[in-house]
Amino acid sequence: DTAVSQTPKYLVTQMGNDKSIKCEQNLGHDTMYWYKQDSKKFLKIMFSYNNKELIINETVPNRFSPKSPDKAHLNLHINSLELGDSAVYFCASSQGTGARNYGYTFGSGTRLTVV
Amino acid sequence: DQQVKQNSPSLSVQEGRISILNCDYTNSMFDYFLWYKKYPAEGPTFLISISSIKDKNEDGRFTVFLNKSAKHLSLHIVPSQPGDSAVYFCAASSNAGKSTFGDGTTLTVKP
C-alpha cells in the first residue's frame, strides 16, 4: 500500500503538448510538495500546499500550475511543454510545514521526457 | 545560489568500514538538517535529522554531526554494508516551510 503514489511513472511527450502528473498520499499528512530533479541531480522545490492552500511558489514558469483538490492530492499540470522541462518530478508529503525533524515522504518520481 | 552543497559527488568504501558523507550550508536561518537516501528509480527516503541546537544525533549505524560555526554537517555510517550503496542527499530546513537539498553523494560499499 504505497504511501505517496505518483502517476504516471514515465511520460514521453512532444514539445508544445500539455500534460498532467497526479499525486496522492494516504498518510493523512496536511502538506504536499512538488520537487524537480534536473540533470544535475539537484532537488529543487517548486510548490507546496498546506491543507489545500498554496504556501510555497518558487520561481517556476507560469506554464506549471499545481492543483490540490483536497489535502490528500496534489496534481501538477504543465502547459506548452519545452525541452528544458525534461526532468524527474517528485511529489512529497509531510505532517506540518517545513518537515522539521521527521522529513518528507517522497513518491517514486515521474520521469518526464520532452522530445 | 546553492545554499546546500555536497562537494563529493561519489564515495567508495569497503564493507565494514566507516562511510563519511559531508555537507556544507550557507544560510544561517537553517535550523534543521536532514539526510535522505535514494535508490535508483525510487524517491528519497528520510534517514536521520538533527536540530541546530544539537551537535550530534545517532540512530543505529547512522550518526549525524553538526558544526554550526563551520556550517558543516556530516553523516557517519558504521559499519558500512553493501545495502547502503545509494545516493545520499543532505537537506536543510528553516521555518519558512521548505527543505533545500544538496546535489547528492553516490556511496558505493564494496563487499
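Sequence lines set the chain letters: A, B, ... in the order given, protein chains first and strands last, and positions in each chain run from 1. From a predicted model like this one, the values you see are computed outputs, not experimental measurements.
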Counting only N and O atoms by type, is there a donor-acceptor contact under 3.5 Å from the side chain of B:K98 to the main-chain atoms of A:Y33?
-> no
For B:I53, does the CD1 atom have more than 12 heavy-atom neighbours from other residues, nucleotides or ligands under 6.0 Å away?
-> no
Which bit of A:K9 comes within less than 4.5 Å of chain B, counting heavy atoms only: side chain, backbone, both or neither?
-> side chain
Does atom CD of A:E53 have more than 12 heavy-atom neighbours, drawn from other residues, nucleotides or ligands, at distances under 6.0 Å?
-> no
Of all heavy-atom pairs between B:P44 and A:L43, which one has the smallest distance, and what is that distance?
-> CG-CD1, 4.0 Å
Give a yes or no on whether B:R61 atom CZ has more than 12 heavy-atom contacts from other residues, nucleotides or ligands under 6.0 Å away.
-> yes
Taking atom NZ of A:K52 as the centre, report whether more than 12 heavy atoms of other residues, nucleotides or ligands fall under 6.0 Å from it.
-> no
Taking the side chain from B:Y36 and the backbone from A:Y104, do they hold a donor-acceptor pair closer than 3.5 Å?
-> yes
State the NZ-CG distance between A:K44 and B:D103, to the nearest 0.5 angstrom.
-> 10.5 Å
What part of B:D31 is in contact with chain A, defined as an atom under 4.5 angstrom from a non-hydrogen atom: side chain, backbone, both or neither?
-> side chain
A:F106 versus B:K38: any side-chain heavy-atom pair under 4.5 Å?
-> no
Please report the shortest heavy-atom distance between A:F90 and B:E42, naming the atom on each side.
-> CE2-O, 3.8 Å
Out of curiosity, does A:V4 fall in the hydrophobic cluster containing B:L34 (side-chain heavy atoms, cut-off under 4.5 Å, transitive links)?
-> no
Engaged part of B:Q2 at the chain A interface, taking heavy atoms whose separation is under 4.5 Å = side chain
Transitive ILVMFWY side-chain link B:L47 to B:F101, under 4.5 Å | no
Looking only at heavy atoms, which two atoms of A:Q37 and B:F89 are closest? And how far apart?
-> NE2-CZ, 3.5 Å
In the single-linkage hydrophobic clustering (I, L, V, M, F, W, Y; side-chain heavy atoms under 4.5 Å), do B:W35 and B:F30 co-cluster?
-> yes
